[in-house]
Amino acid sequence: MDAAEALKAADAALEANDLQGAAEIYAAVLQEDPQNVAALAGLARCYLKSGDVERAEQTLGLVPPD
């Protein structure tokens, strides 16, 4: 599965409120590409949905400035 397919699967899991499943997929994408903005944003959304605002902010802080 390439990154685009993985991100689609993670987005679907997030929409289905499978926060753990979505977070695991986003994390796997980030292991391959630590600067993947879509995966970072998705992971931050997982944290927000779970109520962990501080961790969401930390995750968004990893997004490259450009």
Side-chain angles (χ1 to χ4, degrees):
M1 181 183 310
D2 69 8
E5 291 173 356
L7 289 170
K8 282 183 187 176
D11 290 344
L14 183 60
E15 287 299 314
N17 283 322
D18 178 7
L19 300 182
Q20 182 175 349
E24 288 174 5
I25 298 169
Y26 290 129
V29 171
L30 290 169
Q31 278 196 311
E32 297 297 316
D33 179 10
Q35 303 277 306
N36 188 303
V37 174
L40 287 167
L43 192 56
R45 287 196 321 265
C46 287
Y47 291 138
L48 280 175
K49 274 194 161 190
S50 72
D52 193 343
V53 175
E54 184 176 321
R55 221 159 154 195
E57 289 175 348
Q58 289 173 350
T59 302
L60 289 176
L62 299 174
V63 174
D66 55 320

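Only a predicted model underlies this, so the values are computations on that prediction, with no experimental measurement involved.
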State plainly whether one hydrophobic cluster holds both Tyr26 and Val53, where clusters connect Ile, Leu, Val, Met, Phe, Trp and Tyr through side-chain heavy atoms under 4.5 angstrom apart. no
All heavy atoms of Ala10 vs all of Ala22, minimum pair found to be O-CB, 3.5 Å
Sorted by chain and residue number, the side chain to side chain contact (heavy atoms under 4.5 Å, CB included) partners of Gln20 (sequence neighbours excluded) come out as Asp18, Glu24
Residues pairing under salt bridge (Lys or Arg N to Asp or Glu O under 4.0 Å) where one sits in residues 34-53, two or more places apart or in two chains, turn out to be Asp11-Arg45
TODO: Say whether Leu19 and Ile25 are linked into one hydrophobic cluster, either directly or through other cluster members, by side-chain heavy-atom distances under 4.5 angstrom.
DONE: no
Name each donor-acceptor pair under 3.5 Å that joins a side chain in residues 54-62 to protein atoms two or more places apart or in another chain, with its distance.
| from | atom 1 | to | atom 2 | distance (Å) |
| --- | --- | --- | --- | --- |
| Arg55 | NE | Tyr47 | OH | 3.4 |
| Arg55 | NH2 | Tyr47 | OH | 3.2 |
| Thr59 | OG1 | Arg55 | O | 2.9 |

For residues 31-40, which side-chain N or O atoms pair as donor and acceptor with protein atoms under 3.5 Å away, sequence neighbours left out?
| from | atom 1 | to | atom 2 | distance (Å) |
| --- | --- | --- | --- | --- |
| Asp33 | OD1 | Gln35 | N | 3.3 |
| Asn36 | OD1 | Ala38 | N | 3.1 |
| Asn36 | OD1 | Ala39 | N | 2.9 |

Output for pair (Leu43 CG, Leu48 CG), nearest 0.5 Å, gives 10.0 Å
Heavy-atom closest pair (Gly21 atom, Ala13 atom, distance to 0.1 Å) is C-CB, 4.4 Å
